Engineer: 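Before I ask anything, let me first share the structure, which is written out below as structure tokens.
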Amino acid sequence: MKKYPLFIDGKWVDSVSGKTFESINPATLEVNGVIAEGDAADIDLAVKAARKAFELGPWASMTPSERARLLYRAAQKLWENVDYLAEVESNDNGLTISETKLIAIPAAIEVLEFYAGMVTKIQGDTLSSPADRFNYTLREPVGVVGAIVPWNFPIMLTMWKLAPALAAGNTIVIKPAEQTPISVLELARLLQEAGIPDGVINVVNGYGHTAGAALASHPDVDKIAFTGSTATGRLIMQAASKHLKPISLELGGKSPNIVFDDADLDAAIRGSLFGIYFAQGQVCAAGSRLFVQDTIYDRFVDEFARKAQSIRVGHPLDPATQMGPQVSEEQLQTIERYVEIGKQEGAELITGGKRNEQCGSGFYYTPTVFANVDNHMKIAKEEIFGPVVSIIRFKDEEDAVRKANDTIYGLASGLWTTNLARAHRVARKLKAGTVYVNTFSMLDSAAPFGGVKQSGFGRELGIEAMNMYTQTKHVWVNLNESAFDWYGV
Ligand code: NAI
Ligand code: MG
């Protein structure tokens, strides 16, 4: 059985307590590995290593060009290992091999390349000041970053934090999700091989309420970047308040996806299928509330359900598989609970609504469609985080916007129309961090991503994310040697 230690200060170490836990392959229930279980003591060691690497040593004294070159070299190393990383990620969390190999891993590496390019473009301003002084700003790294990441896209969501953090010259302590502890360790190993100095990247596996909480409340961590549930986001915010630590939260969603009757229906159906079933529905931005105009509602539901039924559910490593298992028994039970609630609430279960036992002992579910859902039902209000879509009727543009915005969340949203004016009009009215027009769930390194309302705050990706990993220092230089003469000394 393969053992996976913690990665602290460039070394592979057991946890202080000596405790371990097992990581399960969600497709087969086989044990992928035995994982060193860190807690507060290990977090403390990792933070000390990150602090030392930030203040002293090769990382702190590297020129921007050298740091940029190193990050490009790291990206190159990852490109050479895409197949390997994709397989590790798929075994860890059940994403299909096409989702990891063709989408998640390449996207993560592109993020690293994007921020490698940013290293040499970090700059402050010269302020307009009178002749007797000189005022300018410096953009400096914040210091030690704590990253707490979830299990749905471990490598990609780690990279969203790691890449801008390193580009700005910070160091980092990463706490991966307990469901998917292996892929981030493999990532760290490759980055070390590429030459990232000791202590710059540290990975401490462990549980949220122990290792995660210790990181969020550590006095020597300068910033926390979190992706995960809204409930845990609240705890992170509380923990961070102890030392007034800045945080960014990328939380849940119940994203509306609106199909107008003037849309290209074929494209809308295909895009909306991707919007909900990509990654088994375990996507924070998933288009889980599908609003369809009443004039095309029945036709759309028929066709959508027919296509949902034809999705090939199976082993994640089979290239023909379109939907793999859910990450855990716990997530599967959450889905089952919501499907029961949906039926009781009077929503119409069109297809799915059950586990998929033909695929073996893994955590397999069936693509599920609820129609005639009311926007006030629980299945339309709460995040299910599985392959379950709620199709809701709307009358006109105003009705669609009102219903779409009637949610505590605001991560993503989408609309399908061939009317250009309508597309831009509705895009402005939707309360969400991202609006997709005639597509869904797309990501780009240059495009800022994050939420409004209870989907969190802060924007990852893009030039904008650099603001979260740097801070402004203002320098005031007096040019007038007799400035204080009036003091009479
Ligand atoms: P979670 O938010 O509890 O876990 C995410 C990360 O936070 C993990 O690394 C976990 O160990 C850590 N964590 C948990 N409690 C913590 C604490 N008190 N202090 C610091 N760190 C802590 O998510 P969980 O329980 O795995 O999934 C529950 C639901 O959350 C899902 O059904 C889904 O609705 C949502 N979720 C949303 C994600 C997103 O991408 N926005 C990702 C994962 C889950
Ligand atoms: Mg949790």
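Remember, it's 1-based here, ligands and their atoms both numbered in the order they're listed. Given the structure is predicted, the values throughout are model-derived calculations rather than measurements.
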Engineer: Can a salt bridge be assigned to the pair R402 and D406 using a cut-off of 4.0 Å between side-chain N and carboxylate O?
Structural biologist: no
Engineer: Tell me whether the count of non-hydrogen atoms from other residues, nucleotides or ligands lying under 6.0 Å of CD1 in I408 goes above 12.
Structural biologist: yes
Engineer: Under 4.0 Å from a heavy atom of E178: which atoms of ligand 1 are those, numbered in the order shown and with their elements?
Structural biologist: 10 (C), 11 (O)
Engineer: Please determine if E340 and R337 form a salt bridge, counting it only when a charged side-chain N lies under 4.0 Å from a carboxylate O.
Structural biologist: no
Engineer: Quick one: closest heavy-atom pair of Y409 and G252, and the distance?
Structural biologist: CD2-O, 3.4 Å
Engineer: For ligand 1, is any non-hydrogen atom under 4.0 Å from A231's backbone (N, CA, C, O), its side chain (CB onward), both, or neither?
Structural biologist: neither
Engineer: Using a 4.0 Å cutoff against the non-hydrogen atoms of P176, which atoms of ligand 1 qualify?
Structural biologist: 9 (O)
Engineer: Show the atoms of ligand 1 that are less than 4.0 angstrom away from any heavy atom in E383.
Structural biologist: 33 (C), 34 (O), 35 (C)
Engineer: Has K403 got its NZ or CZ under 6.0 Å from the middle of the six-membered ring of F291, at an angle within 45 degrees of the ring axis?
Structural biologist: no
Engineer: Checking a contact table here: which protein heavy atom is nearest atom 32 (O) of ligand 1, and how many Å away?
Structural biologist: Q331 NE2, 3.0 Å
Engineer: Does an N or O from V149, backbone or side chain, lie closer than 3.5 Å to an N or O of ligand 1?
Structural biologist: yes
Engineer: Using heavy-atom distances only, which candidate in G212, A285, S328 approaches atom 20 (C) of ligand 1 most closely?
Structural biologist: G212
Engineer: Should the proximity of S229 to ligand 1, defined as any heavy atom under 4.0 Å, be assigned to the side chain, the backbone, both, or neither?
Structural biologist: both
Engineer: Quick one about S390 and K254 (side-chain donor to acceptor, distance below 3.5 Å, no hydrogens or angles considered), yes or no?
Structural biologist: no
Engineer: Could you tell me which atoms of ligand 1, counted from 1 in the order shown, lie closer than 4.0 angstrom to a heavy atom of P150?
Structural biologist: 42 (C), 43 (C)
Engineer: Looking only at protein heavy atoms, which one is nearest to atom 3 (O) of ligand 1, and how far off is it?
Structural biologist: T232 OG1, 2.8 Å
Engineer: Which residue and atom name correspond to the protein heavy atom nearest atom 12 (C) of ligand 1, and how close is it?
Structural biologist: I148 CG2, 3.7 Å
Engineer: Identify, for atom 33 (C) of ligand 1, the protein heavy atom at the shortest distance, and state residue, atom and that distance.
Structural biologist: F385 CG, 3.3 Å
Engineer: Could you tell me the residue and atom name of the protein heavy atom closest to atom 18 (N) of ligand 1, and the distance to it rounded to 0.1 Å?
Structural biologist: L235 CD1, 3.6 Å
Engineer: Counting C-beta onward and ignoring hydrogens, is there a side-chain heavy-atom pair between P141 and T470 closer than 4.5 Å?
Structural biologist: no
Engineer: Measuring only between side-chain heavy atoms, which start at C-beta, is F304 closer than 4.5 Å to V369?
Structural biologist: yes
Engineer: Distance to 0.1 Å, residue and atom name: give those for the protein heavy atom nearest to atom 24 (P) of ligand 1.
Structural biologist: W151 NE1, 3.8 Å
Engineer: Within the protein, is there a heavy atom lying under 4.0 Å from atom 27 (O) of ligand 1?
Structural biologist: yes
Engineer: Of all the atoms in ligand 1, which lie at a distance below 4.0 Å from a heavy atom belonging to Q179?
Structural biologist: 26 (O)
Engineer: Let me confirm one number: the OG-CG distance from S217 to L235, rounded to the nearest 0.5 Å.
Structural biologist: 11.5 Å
Engineer: Suppose I only count heavy atoms of C284 and a 4.0 Å limit; which atoms of ligand 1 are within that range?
Structural biologist: 39 (C), 40 (O), 41 (N)
Engineer: Quick one: does K378's side chain get under 4.5 Å of Q344's, heavy atoms only?
Structural biologist: no
Engineer: Check this for me: does any side-chain nitrogen of one of R355 and E329 sit under 4.0 Å from a carboxylate oxygen of the other?
Structural biologist: yes
Engineer: L251 to ligand 1: N or O pair under 3.5 Å?
Structural biologist: yes
Engineer: Answer yes or no: does an N/O atom from T227 fall short of 3.5 Å to an N/O atom of ligand 1?
Structural biologist: no
Engineer: About how many Å separate CG of D374 and CZ of R393, when rounded to the nearest 0.5 Å?
Structural biologist: 11.5 Å
Engineer: What protein heavy atom lies closest to atom 17 (C) of ligand 1? Include the residue and the distance to one decimal.
Structural biologist: G208 O, 3.3 Å
Engineer: For the pair E460 and K161, find out whether any cationic side-chain nitrogen is under 4.0 Å from an anionic carboxylate oxygen.
Structural biologist: yes
Engineer: What do you reckon, does F226 have a nitrogen or oxygen under 3.5 Å from a nitrogen or oxygen of ligand 1?
Structural biologist: no
Engineer: Could you tell me whether some N/O pair between Y207 and ligand 1 is separated by less than 3.5 angstrom?
Structural biologist: no
Engineer: Taking only heavy atoms of A213, which atoms of ligand 1 are found under 4.0 Å from at least one of them?
Structural biologist: 19 (N), 20 (C)
Engineer: For ligand 1, which atoms sit closer than 4.0 Å to a heavy atom of N152?
Structural biologist: 40 (O), 42 (C)
Engineer: Considering residues, nucleotides and ligands other than K431, do more than 12 of their heavy atoms fall under 6.0 Å from its NZ?
Structural biologist: no
